[in-house]
Amino acid sequence: MNWNKQRSTQDIAKQEEIALMGKLPKHVAVIMDGNGRWAIEQGLPRIAGHKAGMDSVKDIVKACSQTGVKYLTLYAFSIENWKRPTAEVTGLMNLLEQYLRSEIDELHENNVKIHTIGKLSSLPKVVQKLLKESIERTSENSGLNLTLALSYSGRWDIVRAVQMIGLDIRRGKISPEDVTETVFASYLQTSNLPDADLMIRTSGEMRISNFLLWEVAYGEIYISNKYWPEFRRDDLYIALQNFMNRERRYGKISSQIVAENQEEKQATYLQKMMNVLKK
Ligand code: IPE
Ligand code: IPE
Ligand code: MG
């Protein structure tokens, strides 16, 4: 099923409207929260919330791909989530297995490249195998980079990076003075991802819960009051538009940013003119 051919007229209009607004976030990271509360409010067991959340995952992945977002990272299971009741953890692992089995063909067909971050060795063997196969199968794809954060925590990745840097120092590969921010980031599991530009959290909670701690340093945070199973593409569009209306200052002042944006616009315009003249 080709996602681009599947777009409704309304979708096309909305996605074009967003594209015209300016620069999309390169990397969108999502804390998919509120499955349990959604289920309880419906009088259902918590696992029904996780199941319903899968439909949101499918819709958001598709919408990001259609809109042209290059990187989407989904926080699906944290290291701390292992402390939940065994039945819920088992249910979540089964759902993950189901998702990989049922979706991989369509993801591959739509040029999605799968990545993972997290302590994968803690996951059930069958899930590890499916993940490995999905990563290998989609490795040549050039569309949306979909990263699944599984058994992941930001502090865990930072500590792991420090340990590996320590080893490389001991082996004489690098010296402590070589450790810049860029070098440090290259030891993180997210080394192939750009920093998170937009971090979305659903269910109204205003915390990061150990997600991409290093990578979100200057990311814009957007909180949706909807529970994850209710969060769909229209909510994503609102989050994207909200992001695109923000001024990212990176410690500078507003007039500097305005001037920089103007310079960038002029440079792009000049480049376009040069291209026209060359033809
Ligand atoms: C998010 O929903 C999914 C995972 C953490 C796996 P929750 O299960 O945290 O739902 P709430 O926050 O309890 O409602
Ligand atoms: C964060 O949600 C983890 C995931 C969405 C995978 P939690 O529900 O685990 O976070 P806390 O415990 O409310 O901070
Ligand atoms: Mg939660």
Side-chain angles (χ1 to χ4, degrees), residues 27-61 64 71-100 102-103 114-124 126-128 130-131 146-160 188-190 193 196 198-216 219-232 235-236 239:
H27 183 181
V28 176
V30 189
I31 304 178
M32 310 183 289
D33 196 20
N35 293 352
R37 278 164 285 163
W38 178 84
I40 303 299
E41 282 185 18
Q42 313 284 312
L44 298 167
R46 287 179 57 88
I47 195 70
H50 297 311
K51 211 167 171 192
M54 288 297 175
D55 292 331
S56 298
V57 170
K58 291 175 199 168
D59 194 46
I60 297 306
V61 168
C64 279
Y71 295 86
L72 173 67
T73 301
L74 300 177
Y75 202 10
F77 196 83
S78 72
I79 289 189
E80 290 75 23
N81 289 150
W82 289 113
K83 295 179 201 152
R84 291 190 178 194
T86 318
E88 180 161 340
V89 172
T90 311
L92 276 164
M93 292 302 140
N94 289 341
L95 279 176
L96 179 59
E97 179 185 343
Q98 234 170 289
Y99 173 79
L100 290 167
S102 67
E103 297 309 305
I114 312 269
H115 309 260
T116 52
I117 48 173
K119 197 177 173 198
L120 297 194
S121 59
S122 307
L123 299 170
V126 57
V127 172
Q128 288 185 42
L130 283 168
L131 285 169
L146 173 63
T147 303
L148 303 174
L150 296 164
S151 189
Y152 171 87
S153 99
R155 285 188 174 182
W156 168 81
D157 197 21
I158 290 170
V159 169
R160 186 182 152 276
L188 292 170
Q189 286 200 330
T190 51
L193 306 178
L198 170 62
M199 185 176 276
I200 299 173
R201 182 167 188 149
T202 58
S203 87
E205 303 291 0
M206 300 200 188
R207 55 178 174 270
I208 298 180
S209 300
N210 222 344
F211 198 26
L212 307 172
L213 297 180
W214 172 275
E215 302 79 354
V216 81
E220 297 292 329
I221 297 177
Y222 178 86
I223 308 287
S224 163
N225 283 327
K226 288 201 180 169
Y227 292 136
W228 177 248
E230 301 168 321
F231 189 90
R232 294 299 159 91
D235 305 296
L236 172 79

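Every number for a ligand or one of its atoms is a count from 1 in the order of the listing. Residue numbers count from 1 along this sequence.
- The closest approach between a heavy atom of Lys83 and any atom of ligand 2 is not below 4.0 Å.
- Considering only heavy atoms from C-beta on, Asp55 comes within 4.5 Å of Arg232 through its side chain.
- Side-chain contact, Ser78 with Asn81: a donor N or O sits under 3.5 Å from an acceptor N or O.
- Side-chain contact between Val61 and Leu146 is present, with heavy atoms from C-beta onward closer than 4.5 Å.
- Side chain of Asp157 to backbone of Leu188: no donor-acceptor contact under 3.5 angstrom is found.
- Side-chain N or O atoms of Glu88 include none that pairs as donor or acceptor with a backbone N or O of Pro85 at under 3.5 Å.
- The distance from ligand 2 to the heavy atoms of Arg207 drops below 4.0 Å at these ligand atoms: 11 (P), 13 (O), 14 (O).
- Those atoms of ligand 2 with a heavy atom of Arg201 less than 4.0 angstrom away are 2 (O), 10 (O), 11 (P), 13 (O), 14 (O).
- In this structure, Tyr152 and Trp156 have perpendicular ring planes: the angle between them is above 60°, well past the 30° mark.
- Within a radius of less than 2.8 Å around the Mg ion (ligand 3), the protein N, O or S atoms are Asp33 OD1.
- Heavy atoms of other residues, nucleotides or ligands lying less than 6.0 angstrom from NZ of Lys58 number more than 12.
- Within a 6.0 Å sphere centred on CZ of Arg155, other residues, nucleotides and ligands contribute 12 heavy atoms or fewer.
- Ordered by chain and residue number, the residues placing a heavy atom less than 4.0 Å from ligand 1 are Met32, Asp33, Gly34, Asn35, Gly36, Arg37, Arg46, His50, Ala76, Asn81, Arg84, Glu88, Leu92.
- Judged by distance alone, with hydrogens and angles left aside, the side-chain atoms of Ser56 form a donor-acceptor pair with the main-chain N or O of Pro229 at under 3.5 Å.
- With Glu215 contributing its side chain and Ala196 its backbone, the two residues share no donor-acceptor pair below 3.5 Å.
- The heavy-atom pair separating Ala48 from Trp38 by the smallest distance is O-CZ3, 4.0 Å.
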